[in-house]
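Each remark here refers to the structure printed beneath this line.
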Amino acid sequence: MTSFDGPKFKMTDGTYVQTKSIDVGSTTDISPYLSLIREDSITNSNRAVIFDVNWETETKPSKWSLSSVKLSTRNLCLVLKLPSPPFHDNLKDLYRFFASKFVTFVGVQIEEDLNLLRENHGVVIRNVIEVGKLAAKARGTLLLEYLGTRELAHRVLWSDLSRLDSIESKWEERGSEERLEAAAIEGWLIFNVWDQLYE
């Protein structure tokens with residue numbers, strides 16, 4: 001049975017985020033994990049999936065290639081590490097997941113990512129919210145639209161970011177478990193920003 005069997009991290013409100021990190025290969029089936037993310041988003045997360053992507057530049061030809069995808073809900077965090085260039089057959093499930101009308105994909109500073117996904121991978125995310133723009137409109141403070149994850153969470157939630165600060169201060173020295181914890185914290189923070197604004 002498929003499960004999020006990675007480390008479980010305690011958040012500042014006492015809840016836990018269960019994680020899973022996958023090095024995606026040509027035969028890796030990611031669909032069961034995407035199903036669990038979708039189910040948790042519908043059951044526990046106001047149909048929201050927090051997403052973040054990372055890119056690498058390919059030199060010949062010069063273009064951007066998707067290198068990792070982070071998907072989070074209130075309770076789960078999935079990190080997919082992709083090969084360069086990504087395999088297309090096994091990522092069809094991911095592309096279909098992005099096209100889902102059953103969830104809302106929520107991100108911070110994602111406009112350029114959305115353009116790169118469309119231009120370089122033909123991926124269109126159907127239902128997407130830029131949470132910074134939502135926060136700026138809801139709070140009447142234009143500055144919120146331009147903040148990154150950490151700053152936006154601090155301004156909206158006034159949350160304790162000391163653990164995230166500790167991990168990020170020595171990022172290059174951190175192991176994979178601490179980086180996974182940082183991913184879980186960031187996803188949890190943005191989910192809570194979304195949840196507060198969604199009410």
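Only heavy atoms go into these numbers, but all of them, side chains included; no hydrogens, no water, no symmetry mates. Here, residue 1 is the first one in the sequence, and each next residue gets the next number.
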Practice problem: Report the C-alpha separation of Ile37 and Phe4 in whole Å, then their side-chain angles, then the decisive distance to 0.1 Å, and conclude whether the side chain to side chain contact (heavy atoms under 4.5 Å, CB included) test is met. | Solution: CA-CA 10 Å; Ile37 288 281; Phe4 277 64; 3.9 Å; yes
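- Residue pairs meeting the side chain to side chain donor-acceptor pair (under 3.5 Å) criterion with at least one partner in residues 122-135, sequence neighbours excluded, are Thr104-Asn127, Glu111-Lys133.
- Taking both residues in full, the closest heavy atoms of Arg47 and Ile42 are given as NH1-CG1, 3.6 Å, listed atom of the first, atom of the second, then distance.
- Checked against salt bridge (charged side-chain N to carboxylate O under 4.0 Å, His left out), Asp13 has no partners two or more places apart in sequence or in another chain.
- Taking a 6.0 Å sphere around CZ of Arg155, one finds it holds 12 or fewer heavy atoms contributed by other residues, nucleotides or ligands.
- One distance of note links OG of Ser72 with CD of Glu186; it measures 9.0 Å at 0.5 Å rounding.
- Just one of Val49, Ile50, Val53, Val79 meets the side-chain contact (heavy atoms from CB on, under 4.5 Å) condition when paired with Leu71; it is Val49.
- A search for side-chain contact (heavy atoms from CB on, under 4.5 Å) contacts involving Asn115 returns Arg118, Glu119, not counting sequence neighbours.
- Every residue was checked against the ring pair (Phe, Tyr, Trp, His ring centres under 6.0 Å) condition with Phe191, not counting sequence neighbours, and none meets it.
- In this structure, Asp113 CG and Asp52 CG are separated by 6.5 Å, a value rounded to the nearest 0.5 Å.
- Ser21 pairs by the side chain to side chain donor-acceptor pair (under 3.5 Å) definition with Lys81, not counting sequence neighbours.
- Contact between Gln109 and Leu147 at its shortest, heavy atoms only, is NE2-O, 3.3 Å.
- A donor-acceptor distance shorter than 3.5 angstrom exists from the side chain of Thr43 to the backbone of Glu39, with no hydrogens or angles considered.
- Between the side chain of Asp29 and the main chain of Ser31, a donor-acceptor pair closer than 3.5 Å is present.
- Pairing each heavy atom of Ala48 with each of Ser41, the nearest pair is O-CB, 3.4 Å.
- Taking OG from Ser68 and CD1 from Ile22, the interatomic distance works out to 13.0 Å, rounded to the nearest 0.5 Å.
- In this structure, CD on Gln18 lies 11.0 Å from CG on Leu36, to the nearest 0.5 angstrom.
- Pro7 places a side-chain heavy atom less than 4.5 Å from the side chain of Leu180.
- Tested against Val69 for a side-chain contact (heavy atoms from CB on, under 4.5 Å), the candidates Leu78, Ile30, Leu82, Leu117 yield a single pass: Leu82.
- Under the rule for a side-chain contact (heavy atoms from CB on, under 4.5 Å), the partners of Leu116 that lie at least two apart in sequence or sit in another chain are Trp55, Trp64, Glu112, Asn120.
- Two residues are said to be in side-chain contact when any heavy atoms from C-beta on lie closer than 4.5 Å; Glu178 and Phe9 fail this criterion.
- Partners of Arg74 by salt bridge (charged side-chain N to carboxylate O under 4.0 Å, His left out), not counting sequence neighbours, listed by chain and number: Asp195.
- Counting only heavy atoms from C-beta outward, the side chains of Leu80 and Tyr33 never approach each other to under 4.5 Å.
- With sequence neighbours excluded, the residues satisfying side-chain contact (heavy atoms from CB on, under 4.5 Å) with Lys10 are Tyr16.
- For residues 94-103, the set of pairs meeting the salt bridge (Lys or Arg N to Asp or Glu O under 4.0 Å) definition, not counting sequence neighbours, comprises Asp93-Arg96.
- With sequence neighbours excluded, the residues satisfying ring pair (Phe, Tyr, Trp, His ring centres under 6.0 Å) with Phe105 are Phe97, Phe98.
- By the side-chain contact (heavy atoms from CB on, under 4.5 Å) test, Asp40 is found to be paired with Asn44, Ser45, Thr73, Asn75, Leu76, residues two or more places apart in sequence or in another chain being considered.
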Counting only pairs under 3.5 Å, give me each side-chain donor-acceptor contact of residues 135-144, with atom names and distances, residues two or more places apart or in other chains.
unit_1, atom_1, unit_2, atom_2, d
Arg139, NH2, Gln196, OE1, 2.6
Thr141, OG1, Arg139, O, 3.3

